[in-house]
Amino acid sequence: MGFPQDRPRRTRQSDVWRRMMRETHLTPDAFIYPLFVVPGRAVRHAIESMPGIFQLSVDEVVKDAKAAAAAGVPAVLLFAAPAHKDARATSATDPKGLAAQAIAAIKEACPQLLLWADVCLCGATDHGHCGHVLAHGAIDNDSSIQTLAEVALNYARAGADAVAPSDMMDGRVAAIRARLDAQGHATTPIVSYAAKFASSFYGPFREAAESAPAFGDRRSYQMDPANAREALREVLLDVEEGADLVMVKPAGPYLDVIRQVRDAVRVPVVAYQVSGEFSLIKAAAARGWIDERAAVLETLTGIRRAGADLIISYFAPEVVQWLRA
Ligand code: PBG
């Protein structure tokens with residue numbers, strides 16, 4: 001068969017047809033909203049490269065968490081940029097540290113909102129790398145994963161509903177799982193940034209999280225954007241180590257990876273629409289070059305169609321409101 005018997009346009013004739021034929025749906029429960037906490041009180045500092053996104057002190061981050069929850073966002077992902085930064089990321093392992101304070105405050109104000117805590121060293125280290133740096137500048141994997149496990153335990157104790165390691169060290173999921181289990185947190189899930197690429201799209205985030213590396217780059221731990229087969233290897237290793245959810249990051253330029261991961265594992269797949277993906281749309285929309293809402297929904301639908309079960313997005317509160325309206 002073929003034309004003229006085959007006419008795919010028959011089922012595209014009207015809005016009701018198009019709705020009925022739709023294969024992919026965005027649902028509010030699929031969205032996670034990132035929040036950035038900084039020291040101080042009443043701080044609401046705009047991040048220039050991410051219009052509408054702010055660095056917030058604990059009191060203010062609680063307000064935005066409440067607003068996100070009220071809008072219908074089911075979960076937030078918390079990043080902390082503490083004032084004190086040192087070689088060992090002690091602010092991140094400190095039970096009175098900024099992240100721990102923010103976790104406790106948000107959970108107290110919004111007990112129903114799921115709080116995922118990003119686990120990394122870069123926001124709390126003076127060198128801005130995601131692991132410990134050796135004298136000659138290399139990143140020391142095996143000592144880093146012990147510290148990352150301490151960070152995860154600190155956040156679980158503070159009340160985090162899940163810990164999300166974003167460092168890309170080898171073996172961190174197993175180290176975190178072992179530490180959590182040994183300390184009474186066997187029920188805290190691990191959301192692993194399993195296939196995280198060394199991406200130019202993290203630029204705006206590094207302003208928000210104050211986590212740009214002081215020297216070098218992250219290519220010795222984050223993945224080469226050219227590698228999909230290696231992404232599957234990373235994901236399968238993390239699942240074996242005990243990851244409850246696995247993530248692909250960034251999302252838009254890696255839709256093929258999302259699809260391959262979705263087909264390879266049985267755990268939920270999360271995709272992170274990162275800061276640069278957000279800023280591109282915002283910048284074009286601000287110039288009137290693109291319809292923001294349509295572009296946002298199209299990118300998110302594409303990510304979902306590729307196989308993402310859940311999506312982390314800076315557009316989350318707006319999108320959830322659009323979907324509920
Ligand atoms: C830090 C981290 C980064 C992001 C999440 N966690 C940046 C990086 O690896 O440099 C990026 C998020 C975004 O760009 O929105 N480990």
Side-chain angles (χ1 to χ4, degrees), residues 31-37 47-55 76-82 85 89 91-92 99 116-125 127-133 139 141 144-145 147-148 151-152 155 160 162-170 172-173 176 190-225 234 245-254 270-283 296 299-300 303 308 310-316:
F31 287 94
I32 300 107
Y33 183 50
L35 291 171
F36 298 101
V37 65
I47 299 156
E48 220 176 301
S49 54
M50 301 178 73
I53 306 294
F54 300 86
Q55 289 182 318
V76 293
L77 174 62
L78 185 76
F79 293 94
K85 301 184 201 281
S91 297
W116 295 6
D118 183 89
V119 170
C120 199
L121 305 190
C122 58
T125 48
H127 49 65
H129 277 289
C130 302
H132 296 313
V133 177
I139 309 299
N141 192 87
S144 298
I145 64 177
T147 305
L148 288 158
V151 175
Y155 296 172
V163 291
S166 64
D167 52 283
M168 286 299 281
M169 297 300 126
D170 294 332
R172 81 279 169 79
V173 172
I176 290 170
I190 299 175
V191 181
S192 170
Y193 288 67
K196 179 176 176 181
F197 292 88
S199 172
S200 58
F201 289 91
Y202 304 150
F205 170 96
R206 290 180 187 168
E207 179 190 342
E210 300 171 5
S211 68
F215 64 89
D217 54 47
R218 303 206 200 288
R219 288 181 297 171
S220 82
Y221 41 104
Q222 298 180 351
M223 287 187 51
D224 184 334
E234 281 283 6
L245 296 87
V246 292
M247 194 193 301
V248 175
K249 176 186 173 191
Y254 299 90
V270 188
Y272 196 146
Q273 183 182 50
V274 303
S275 56
E277 298 177 78
F278 171 85
S279 299
L280 286 186
I281 293 175
K282 281 286 182 191
V296 169
T299 56
L300 295 171
I303 293 165
L310 302 175
I311 304 174
I312 301 167
S313 172
Y314 299 96
F315 294 114

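Start at 1 with the first residue, then count along the sequence. Both ligands and their constituent atoms are indexed starting at 1 by order of listing.
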Donor-acceptor contact present, side-chain Q273 to main-chain I311, <3.5 Å: no
Atom pairs, nitrogen or oxygen, ligand 1 to protein, under 3.5 angstrom:
residue: ligand 1; atom: 6 (N); partner: K249; partner atom: NZ; Å: 3.3
residue: ligand 1; atom: 9 (O); partner: K196; partner atom: NZ; Å: 2.8
residue: ligand 1; atom: 9 (O); partner: R218; partner atom: NE; Å: 3.4
residue: ligand 1; atom: 9 (O); partner: Q222; partner atom: NE2; Å: 2.7
residue: ligand 1; atom: 10 (O); partner: R206; partner atom: NE; Å: 2.6
residue: ligand 1; atom: 10 (O); partner: R206; partner atom: NH2; Å: 2.7
residue: ligand 1; atom: 10 (O); partner: R218; partner atom: NE; Å: 2.8
residue: ligand 1; atom: 10 (O); partner: R218; partner atom: NH2; Å: 3.2
residue: ligand 1; atom: 14 (O); partner: S275; partner atom: N; Å: 3.3
residue: ligand 1; atom: 14 (O); partner: S275; partner atom: OG; Å: 2.7
residue: ligand 1; atom: 15 (O); partner: S275; partner atom: N; Å: 2.7
residue: ligand 1; atom: 15 (O); partner: Y314; partner atom: OH; Å: 2.5
residue: ligand 1; atom: 16 (N); partner: S166; partner atom: OG; Å: 3.1
residue: ligand 1; atom: 16 (N); partner: K196; partner atom: NZ; Å: 3.0

Measuring only between side-chain heavy atoms, which start at C-beta, is I312 closer than 4.5 Å to M247? yes
Value rounded to 0.5 Å, distance of NZ in K85 from NE2 in H127: 11.5 Å
Taking the cut-offs as 6.0 angstrom to the six-membered ring centre and 45 degrees off its axis, would you call K196 and Y254 a cation-pi pair? no
Tell me if a side-chain donor or acceptor on S275 pairs with a main-chain N or O of F201 at a distance below 3.5 Å. yes
Verify the ring-centre separation between Y33 and F315: is it less than 6.0 angstrom? no
